[in-house]
Amino acid sequence: MKTRFTALKGAPDVLPPETNLWGRIENAACEVFAAYGYDEIKTSIIEPAELFLRSIGASSDIVAKEMYSFTDKGGRSVSLRPEGTASVVRAYVEHNLSLRPAPQKFFYRGPMFRYERPQKGRQRQFYQIGAECFGTAHPGMDAELIVMLMAFLERAGLPALSLELNSIGCRNCRPAFKQRLREFFAPHLDGLCPDCQRRHEQNPLRILDCKVERCIAIRAGAPLISESLCAECREHFGALLGLLDAMKTPYTLNPHMVRGLDYYTRTVFEVTSGQLGAQNAVAAGGRYDLLVSEFGGPETPALGFAAGMERLSRLLSAAESLSMPRPEVFIASLGREAAAAALSTASALRARDKRVEVGWEGSLKSQLRRADKMGARYVVIIGEDELRSGSFKWKNLGTGESGETGAEEIFNLLS
RNA sequence: GUGGGCGUAGCUCAACUGGCAGAGCACUGGACUGUGGCUCCAGUGGUUGUGGGUUCGAUCCCCAUCGCCCACCCCA
């Protein structure tokens, strides 16, 4: 009995030509990141479950209900990574990278896993490309990271996305703000949605983020974090805004943005597009000054972001229609004798990075038809006549122009 | 996890009130012995997502299940 397998729910294959688009996006990222001094770090996609629990936060939705966790054969509780930052921080601490000159800057790319119900722009296995920077608390680094992100998006072909910013304070000022929020919402508890009633205890900041209408109405008069920041946080955020202004990087302040991961401090930001449906975030990140020490490293301020490959790809493929790369030359070979000549001719062209296809079988007509369907620029015909004379017939499929060429001069076609 | 929509050929979709599963595109070949596109012809392709039920008979009605899509939630 034949069994037909299909990919797991929420783990779709990515096929050409879309994979070529992904390659372009990644190349844009690598180029831009390199100019900013970021080098690639590759970490395992499987980690101790505890790592994510301690960084993202046990009460976060990601950890509470979306992790792919299991016990391995050694009895260890492990998880597929739901995001990239925790692993990079782990590696930074594990390899004592704080002993290298600061700042240390890394980027990463690869699959992440969250057990969610798939929808437009949201999969269970999804790919992120992200960057992390360790070792400076200066707002200049916040600005640099954001400017780098925008430069990457622009080089990838995605200008004009909107950038939203906020500061959510630090361990000095946030607890007091949380308390003020609790006090503000306490009299309105009954009016809040069930989720927000739960958030009121666990993380009242998230009420600010809620999209339920009556919660939005209730929070209208809620205290703003921007008015509760300590002097240091206020100064940090102000300096960042000044730098972005100086760079003419447009942004919108969003005092209600809080982010879903517990480890953020001070700066948080999000890049969104209106064309993505409900899942509109293209990239997001922020500062996490406490996480390195939380993981047993020295107190090390740090920050980073991650961008979603599927969402970037979706935006780009909406803007341009994708097509398969076209061969420059299609070599039609006729008969057994021609195969060797076809292969060596193709190899010579390929050695010069020309994309070449060999039509190994079928009538000349069917090979020409295939060449045409692939969009080949030239067809070169190698059959008995050509083998005898040592001169290959060629044809330009766009113009219809044709001629003959010796095997050695074939490169002249492609100038 | 919750709600709604949808599952028929590789793709887009037909099939009357329950009565022989079809078309276009794509693919392969031919018309045209070794010259593509256009045209014409032919061929390949299906356990109608799966399993049950009702019925003389189910793509159609019922139940279950799986999958996809969209939204909630959450987030990249």
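The sequence lines fix the lettering, A, B, ..., with proteins before strands; numbering per chain opens at 1.
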Open item on the list: Rounding to an integer number of angstrom, what distance separates B/G49 and B/A42 when you compare their P atoms?
Closed with: 29 Å
Task: Centroid-centroid distance, A/Phe107 to A/Phe33, less than 6.0 Å - done: yes
Task: Interatomic distance where CD1 belongs to A/Ile216 and P belongs to B/C72 [whole Å] - done: 12 Å
Open item on the list: Does A/Ala371 reach a base, just sugar-phosphate, or nothing at all? Heavy atoms under 4.0 Å.
Closed with: nothing
Open item on the list: Measuring to OP1 and OP2 of B/C75, would you say a side-chain N or O of A/Arg206 lies under 4.0 angstrom away?
Closed with: yes
- [ ] Rounded off to whole Å, could you give me the CG-to-C1' distance for the A/Asn280 and B/A71 pair?
- [x] 14 Å
Task: Flag if over 12 foreign heavy atoms under 6.0 Å of CZ, A/Arg350 - done: yes
Task: Nearest-angstrom distance, P atom, B/C20 to B/A58 - done: 12 Å
Open item on the list: If you compare all heavy atoms of A/Gln279 against all heavy atoms of A/Gln119, which two are closest, and at what distance to 0.1 Å?
Closed with: NE2-NE2, 3.1 Å
Open item on the list: Parallel, tilted or perpendicular: which one describes the rings of A/Phe134 and A/Tyr92, with boundaries at 30° and 60°?
Closed with: parallel
Task: A/Phe330-A/Tyr378 aromatic ring centre distance below 6.0 Å - done: no
TODO: Could you check how far CD of A/Glu116 sits from P of B/G1, rounded to whole Å?
DONE: 12 Å
Task: Whole-Å C1' distance, B/C70 and B/G29 - done: 43 Å
TODO: For nucleotides 26-39 of chain B, just jot down a letter per nucleotide in 5' to 3' order: B, S or -, based on protein non-hydrogen atoms under 4.0 Å.
DONE: -SSSS-B-BBBB--
Task: Non-hydrogen atoms of A/Arg259 and A/Tyr264 that approach each other most closely - done: CB-CD1, 3.7 Å
Open item on the list: Protein within reach of the bases, or only the backbone? For nucleotides 65-70 of chain B, mark each nucleotide 5' to 3' as B, S or -, using heavy atoms under 4.0 Å.
Closed with: --SS-S
TODO: Work out which heavy atom in A/Lys178 is nearest to a heavy atom in A/Pro204; give both atom names and the distance.
DONE: O-CG, 3.8 Å
Open item on the list: With rounding to the closest Å, how many angstrom separate the P atoms on B/U2 and B/C61?
Closed with: 26 Å
Task: Polar side-chain atom of A/Glu50 near backbone of A/Leu53 as donor-acceptor pair, under 3.5 Å - done: no
Task: Interatomic distance at P, B/U50 relative to B/U28, whole Å - done: 28 Å
Task: Nearest-angstrom distance from the residue atom CD1 of A/Ile56 to P of B/A76 - done: 9 Å
Task: Residue A/Gln197 excluded, over 12 heavy atoms near CD under 6.0 Å - done: yes
Open item on the list: Would you measure the distance from the C1' atom in B/C60 across to the matching atom in B/C6 and give it in whole Å?
Closed with: 15 Å
Open item on the list: Is any side-chain heavy atom of A/Val329 closer than 4.5 Å to one of A/Val379?
Closed with: no
Open item on the list: Work out how far the P atom of B/A31 is from that of B/G24, and round it to whole angstrom.
Closed with: 22 Å
- [ ] Taking the side chain as every heavy atom from C-beta outward, state whether A/Ser55 and A/Leu291 have any atom pair closer than 4.5 Å.
- [x] yes
Open item on the list: Measure CG/A/Leu312 against P/B/A76 and give the value in whole Å, please.
Closed with: 13 Å
Open item on the list: Expressed as a whole number of angstroms, how long is the span from A/Met257:CE to B/A76:P?
Closed with: 11 Å
Task: Contiguous pairing runs of three or more, Watson-Crick or G-U under 3.5 Å, that involve RNA chain B - done: B:1-7 with B:66-72, B:10-13 with B:22-25, B:27-31 with B:39-43, B:49-53 with B:61-65
Task: Nearest heavy-atom neighbours spanning A/Phe392 and A/Ala407 - done: CE1-CB, 3.8 Å
Open item on the list: Tell me the interatomic distance from A/Met309, atom CE, to B/C75, atom C1', rounded to whole angstroms.
Closed with: 17 Å
TODO: Take atom C1' in B/U17 and the same atom in B/A23, then report the distance between them in whole Å.
DONE: 24 Å
Task: Interatomic distance where CZ belongs to A/Arg124 and C1' belongs to B/G1 [whole Å] - done: 11 Å
Task: Ring-face cation contact, A/Tyr127 with A/Arg109, 6.0 Å cut, 45° max - done: no
